[in-house]
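Structure record follows, encoded as structure tokens.
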Amino acid sequence: MIFQTHNLKKPLTDYIESIFHFKGFNPDHSIERVVPTGHLFILFELDGFERNTFDNKSLKPNGTYTQVWVSGMHKNYLSISAHQGSEMLVVQFKTTGAYPFFKFPINELNNKVISAQEMFGNEILELRHRIIDSENSSDKFKIVEEWLSKLLDLSKSAPKEITTILQQVITKPISESKQIVSTYPHSQKHLIDQFKKYFGLTPKVFHRVFRFNEILAKIQNKEQLKWTDIAYEFGYADQSHFIKEFKEFSGFNPQEFINSDFHKGQPNFFPLDREG
């Protein structure tokens, strides 16, 4: 399997978390669950396979995606297809970074996966063909980087006063949420509206999403876990509150999660079958 990441240059590094290309991926499952991470993605399919999303309960297909699509900010987990011999190129935006490229309120993409053609027209399909025709990862990255550089509108960067709030949401415990919000010089409603416009989700939801991902990182590859200690450490009112939120974001209660060995794999992707 080929897996390559691209080292971006400024100013793109201020807006994009990563660009990566993989080829020859052969998973041991056909459906996987993706938990929310607080990022927006553009996904280029380079292998000709149709991708599906699935109803989280019945696991029946409820969406089909081809060529290029965008996955917005999500508050809940997604169930998606995994394919043998797959090849994709993915652009992952920073939490603060998508608006200068899309130029409309990011919350319009919340909890959605939609065709990128709806936003970028046929240009995005032509770009995909150029990526496919390129021989190696480096050439593919160069094409995408040039496109993103032309698309970037620096005048639409998020104001510092709200990026400062978001940075505190990322780094400080959820128990300090009210204190963090109170430092904003305008009304709470204004802050929420700004967050939705530039980042997609509200400060409260982001705090919960970031906390959950921090928990996943903490429990990864650990054999002995005491859930009451984790619930206390991360500021949950009690263990039942912790279990409820864990299930909301992952679809599993914590013990089911460990029993399925999900803590031993990728921190944000969990196989729902292992039949390939």
Side-chain angles (χ1 to χ4, degrees), residues 1-23 25 32 34-49 51 53 63 65-74 78 80-83 86-134 136-154 156-158 198-201 209 213 266-269:
M1 175 183 169
I2 296 171
F3 186 93
Q4 297 286 336
T5 59
H6 181 49
N7 293 320
L8 290 162
K9 300 175 183 177
K10 279 188 170 293
L12 290 179
T13 51
D14 295 330
Y15 302 89
I16 296 171
E17 191 77 38
S18 67
I19 301 178
F20 58 91
H21 169 236
F22 64 83
K23 182 177 182 179
F25 176 51
E32 59 191 18
V34 186
V35 302
T37 62
H39 298 95
L40 185 149
F41 299 84
I42 299 177
L43 304 102
F44 293 84
E45 162 266 299
L46 307 180
D47 49 34
F49 299 145
R51 263 70 177 185
T53 54
Y65 305 93
T66 61
Q67 300 184 103
V68 194
W69 58 95
V70 175
S71 181
M73 293 288 180
H74 287 268
L78 278 174
I80 63 173
S81 56
H83 300 265
S86 58
E87 179 180 6
M88 298 186 73
L89 187 145
V90 179
V91 179
Q92 177 182 353
F93 292 89
K94 290 187 174 181
T95 304
T96 56
Y99 183 72
F101 299 88
F102 288 83
K103 304 177 181 67
F104 58 80
I106 297 303
N107 68 308
E108 292 183 13
L109 294 171
N110 281 3
N111 305 307
K112 294 179 181 178
V113 181
I114 62 176
S115 169
Q117 196 175 358
E118 292 184 28
M119 285 157 285
F120 303 110
N122 290 333
E123 173 192 358
I124 197 78
L125 302 184
E126 295 167 4
L127 183 73
R128 173 180 173 270
H129 286 303
R130 290 178 59 204
I131 295 169
I132 291 173
D133 291 341
S134 300
N136 54 55
S137 297
S138 296
D139 291 338
K140 297 179 193 299
F141 290 141
K142 184 178 180 181
I143 290 169
V144 176
E145 184 172 9
E146 288 176 353
W147 176 69
L148 289 167
S149 295
K150 291 177 182 177
L151 201 62
L152 173 61
D153 185 348
L154 292 173
K156 294 188 178 298
S157 300
Y198 288 100
F199 311 144
L201 305 176
V209 167
N213 279 271
Q266 294 276 347
N268 305 111
F269 294 83

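Here the structure is a predicted model, which is why all the values come from computation and not from measurement.
- Atoms CG and NE2, on N213 and H39 in that order, are 8.5 Å from each other to the nearest 0.5 Å.
- Checked against a 6.0 Å centroid threshold, the rings of Y198 and F102 do not count as neighbours.
- Side-chain atoms of K140 come within 3.5 Å of backbone atoms of I131 as a donor-acceptor pair (strictly under, hydrogens ignored).
- Of the possible polar contacts, none joining the D153 side chain to the Y99 backbone as a donor-acceptor pair under 3.5 Å is found.
- For F49 against E45, the heavy-atom pair with the smallest separation is O-CG, 3.5 Å.
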Q: Quick one: do I80 and E32 satisfy side chain to side chain contact (heavy atoms under 4.5 Å, CB included)? Show the steps, please.
A: CA-CA 5 Å; I80 63 173; E32 59 191 18; 3.7 Å; yes

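- Considering only heavy atoms from C-beta on, M119 stays 4.5 Å or farther from I124 through its side chain.
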Q.
Assess the residue pair F141 and L8 against the criterion (side chain to side chain contact (heavy atoms under 4.5 Å, CB included)); give the C-alpha distance rounded to whole Å, side-chain angles, the decisive distance to 0.1 Å, and a yes or no.
A. CA-CA 9 Å; F141 290 141; L8 290 162; over 6 Å; no

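- Between Y65 and W69, the two ring planes are tilted [angle within 30° to 60°].
- Contact check for L148 versus I19: side-chain heavy atoms found under the 4.5 Å cut-off.
- How far CG of L12 is from CG of L152: 6.0 Å, rounded to the nearest 0.5 Å.
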Q. Given F25 and M88, is the side chain to side chain contact (heavy atoms under 4.5 Å, CB included) satisfied, shown in steps?
A. CA-CA 9 Å; F25 176 51; M88 298 186 73; over 6 Å; no

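- Here the straight-line distance linking atom CG of N7 with atom CD of E145 works out to 9.5 Å at 0.5 Å rounding.
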Q: Could you walk me through whether F22 and S86 pass side chain to side chain contact (heavy atoms under 4.5 Å, CB included), step by step?
A: CA-CA 8 Å; F22 64 83; S86 58; 3.7 Å; yes

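- Side-chain contact between I16 and F101 is present, with heavy atoms from C-beta onward closer than 4.5 Å.
- Heavy-atom minimum distance, P267 versus V35: O-CG2, 4.4 Å.
- Atom-to-atom distance recorded for L89:CG and I132:CD1 is 10.5 Å, nearest 0.5 angstrom.
- Closest heavy-atom contact between P100 and G97: CD-O, 3.3 Å.
- In this view, D47 and R51 satisfy the salt bridge (Lys or Arg N to Asp or Glu O under 4.0 Å) rule, not counting sequence neighbours.
- At least one donor-acceptor pair closer than 3.5 Å links the side chain of N136 to the backbone N or O of D139.
- The distance from atom OH of Y15 to atom CG of L151, rounded to the nearest 0.5 Å, is 12.5 Å.
- Distance check, rounded to the nearest 0.5 Å: CZ of F3 to NE2 of H21 gives 10.5 Å.
- Under a cut-off of 6.0 angstrom, the local environment of NZ in K23 is sparse, with at most 12 non-hydrogen atoms contributed by other residues, nucleotides or ligands.
- Checked by atom type and distance alone, the side chain of T95 pairs as donor or acceptor with a backbone atom of G38 at under 3.5 Å.
- Partners of K10 according to the salt bridge (Lys or Arg N to Asp or Glu O under 4.0 Å) rule, which considers only residues two or more places apart in sequence or in another chain, are D14.
- Here the closest heavy-atom approach between residue G200 and residue N110 is recorded as O-ND2, 2.9 Å.
- Side-chain contact between T96 and F199 is present, with at least one heavy-atom pair separated by less than 4.5 Å.
- More than 12 heavy atoms of other residues, nucleotides or ligands shown are found within 6.0 angstrom of NZ on K103.
- Shortest non-hydrogen contact noted between L40 and A98 is CD1-CB, 4.1 Å.
- Here the closest non-hydrogen pair linking V209 and P36 is CG1-O, 3.6 Å.
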